[in-house]
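Starting off with a structure, shown below.
Every value quoted in this text rests on a predicted model; they were computed, and no experiment measured them. These numbers come from the heavy atoms of this one structure, side chains and all, not from hydrogens, waters or symmetry mates.
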Amino acid sequence: MAKKESFAVIGLGQFGSAICKALVRAGQEVMAIDVNEAVVNDFADLVMRAVIADAQDEDAMRELDLGHFDHVYISIGKHVETSIMATLIAKDLGVKDVVCRAENRNHARVLERIGADMVVRPEHDLAERLVFSQLHPSVLDYVRISKNVTLAEIEVNNPAFYDKTLDEMDFRNRYHVNVILCVDKDDQINQLPQGSDRIHQHDKLTVIGPIEAVGELNDLLQKK
């Protein structure tokens, strides 16, 4: 089970509600905040604490001790001004990890500039994930780290890589990615692969690097 931490979720729309429920299922301590009394009441029996409050009211956020939460999710995407003010207040109160939902690219840029630690655009991110998966169907899993960098798990099916060491394949210089994890066909995990470790058929390599480089390496690893 994950370490128990404290989370505040501001805005209980579709995205905020999903975040709350996922955190509760993970056994985390959650405070849910929204200006809509009916919505807050729906969460009263689900989370540790459900509060009717305006995220633009700094005094109210201070009374809720927002600055002492480990993580704060601000999911007021459609109300851009409120989202921006809530983010500023959260950072001013000392929240170390503020995750914001953005409505569009410009909204995301503003949130990043005023201190949001992570900005998500659910519809946009889902669309990109879907397209990447369809263009590279053999990628087992991947996570977008930033605008240009991704973390992906790729299975080795190209005989040219079999029984070669990581040093021999020189992934960093030749393919512009770093291999950070290797799982063999028996699901044995090598968490700190060394240059002398050998690659075998059906090994699953977790790599990190530019999105285009990861896609090109994936295509190469699938050649038979």
Side-chain angles (χ1 to χ4, degrees), residues 1-130 133 140-146 151 153:
M1 188 175 185
K3 181 180 76 171
K4 183 168 286 191
E5 296 185 284
S6 58
F7 294 79
V9 180
I10 299 175
L12 300 176
Q14 188 173 7
F15 183 66
S17 297
I19 291 291
C20 276
K21 292 172 183 176
L23 288 170
V24 169
R25 286 195 298 269
Q28 302 300 308
E29 297 180 353
V30 183
M31 178 169 70
I33 303 170
D34 200 284
V35 292
N36 188 317
E37 181 178 0
V39 172
V40 171
N41 289 339
D42 287 340
F43 281 83
D45 295 328
L46 177 67
V47 299
M48 177 185 69
R49 187 180 180 192
V51 182
I52 304 166
D54 183 352
Q56 297 180 92
D57 185 339
E58 185 170 350
D59 290 336
M61 295 301 103
R62 184 176 285 106
E63 280 188 26
L64 293 173
D65 210 13
L66 194 71
H68 287 85
F69 279 78
D70 295 315
H71 312 276
V72 172
Y73 283 88
I74 298 176
S75 57
I76 321 170
K78 293 183 179 179
H79 301 283
V80 174
E81 184 177 344
T82 303
S83 166
I84 292 169
M85 288 304 301
T87 302
L88 283 169
I89 289 170
K91 296 307 291 185
D92 284 347
L93 292 178
V95 180
K96 293 181 180 178
D97 183 37
V98 178
V99 180
C100 300
R101 179 190 186 279
E103 187 69 10
N104 53 51
R105 183 182 178 187
N106 287 336
H107 185 193
R109 289 173 64 187
V110 171
L111 291 171
E112 288 169 350
R113 289 183 180 181
I114 63 175
D117 298 281
M118 182 177 181
V119 178
V120 296
R121 295 165 57 193
E123 296 84 358
H124 173 271
D125 296 343
L126 178 60
E128 290 213 342
R129 187 179 181 88
L130 177 62
S133 297
L140 302 174
D141 196 13
Y142 90 101
V143 177
R144 186 79 168 263
I145 303 298
S146 70
L151 181 83
E153 184 182 43

Run the side chain to side chain donor-acceptor pair (under 3.5 Å) test against Asp57 and tell me which residues pass, sequence neighbours left out.
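Expected list: none.
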Got a second to check how far Phe43's CZ is from Lys21's NZ, nearest 0.5 Å?
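These two atoms lie 5.0 Å from each other.
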Nearest 0.5 Å, what's the OG-CG distance between Ser6 and Leu23?
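The CG atom of Leu23 is 10.5 Å from OG of Ser6, to the nearest 0.5 Å.
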Could you tell me whether Met48 atom CE has more than 12 heavy atoms of other residues or ligands within 6.0 Å of it?
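More than 12 within 6.0 Å, yes.
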Hey, could you give me the CD/CD1 distance between Glu37 and Ile52, rounded to the nearest 0.5 Å?
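If we round to the nearest 0.5 Å, Glu37:CD and Ile52:CD1 are 4.0 Å apart.
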If I compare all heavy atoms of Asn36 with all of Ala38, which pair ends up nearest, and what's the gap?
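For Asn36 versus Ala38, the nearest heavy atoms are OD1-N, 2.9 Å.
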Hey, what do you get for CG (Asp70) to NZ (Lys4), rounding to the nearest 0.5 Å?
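Rounded to the nearest 0.5 Å, the CG-NZ separation comes out at 12.5 Å.
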Looking at Val30, Ile33, Leu64, which one forms a side-chain contact (heavy atoms from CB on, under 4.5 Å) with Arg49?
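Looking at Val30, Ile33, Leu64, the match for Arg49 under the side-chain contact (heavy atoms from CB on, under 4.5 Å) is Leu64.
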For the student: nearest non-hydrogen atoms of Glu5 and Gln28, plus distance
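The pair with the smallest heavy-atom distance is N-OE1, 2.6 Å.
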Is there a side-chain contact between Asp117 and Lys91 (heavy atoms, below 4.5 Å)?
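Counting from C-beta outward, Asp117 and Lys91 do come under 4.5 Å.
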Carefully, step by step, assess Ile74 and Val9 under the rule side chain to side chain contact (heavy atoms under 4.5 Å, CB included).
CA-CA 6 Å; Ile74 298 176; Val9 180; over 6 Å; no
Which residues pass the ring-ring contact (aromatic ring centres under 6.0 Å, His included) test with His107, not counting sequence neighbours?
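His107 satisfies ring-ring contact (aromatic ring centres under 6.0 Å, His included) with no other residue.
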4.5 Å side-chain heavy-atom contact, Ile84 and Val110
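Result yes, sub-4.5 Å side-chain heavy-atom pair found.
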Test log, rule side chain to side chain contact (heavy atoms under 4.5 Å, CB included), inputs Val40 and Val51
CA-CA 6 Å; Val40 171; Val51 182; 5.6 Å; no
Does the side chain of Val99 come within less than 4.5 Å of Val72's, by heavy atoms?
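No, every pair of side-chain atoms sits at 4.5 Å or beyond.
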At what distance, to the nearest 0.5 angstrom, does CE of Met118 lie from NE2 of His71?
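These two atoms lie 12.0 Å from each other.
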Verify, without hydrogens or angle tests, whether Thr87 (side chain) and Leu111 (backbone) share a donor-acceptor contact under 3.5 angstrom.
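Answer holds: no.
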What heavy-atom pair brings Ala108 and Arg121 nearest, and what distance separates the two atoms?
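Between these two residues, the closest heavy atoms are CB-CD, 4.2 Å.
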Do side-chain atoms of Ser83 reach the backbone of His79 as a donor and acceptor pair under 3.5 angstrom?
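Such a contact is absent between Ser83 side chain and His79 backbone.
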Roughly how far, to the nearest 0.5 Å, is the CE atom of Met85 from the CD1 atom of Ile76?
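If we round to the nearest 0.5 Å, Ile76:CD1 and Met85:CE are 11.0 Å apart.
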For Leu12 against Asp34, the heavy-atom pair lying closest together:
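Nearest pair, atom of Leu12 first, then Asp34: N-OD2, 2.7 Å.
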Indicate the atoms forming the closest heavy-atom contact of Tyr73 with Phe7, along with that distance.
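Minimum heavy-atom contact is CE1-CD2, 3.7 Å.
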Looking only at non-hydrogen atoms, find the nearest pair between Ser75 and Arg101 and report the distance.
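Minimum heavy-atom separation between Ser75 and Arg101: CA-CB, 3.9 Å.
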How far apart are the C-alpha atoms of Val47 and Met31, what are their side-chain angles, what is the distance that settles it, and do they pass the side chain to side chain contact (heavy atoms under 4.5 Å, CB included) test?
CA-CA 6 Å; Val47 299; Met31 178 169 70; over 6 Å; no
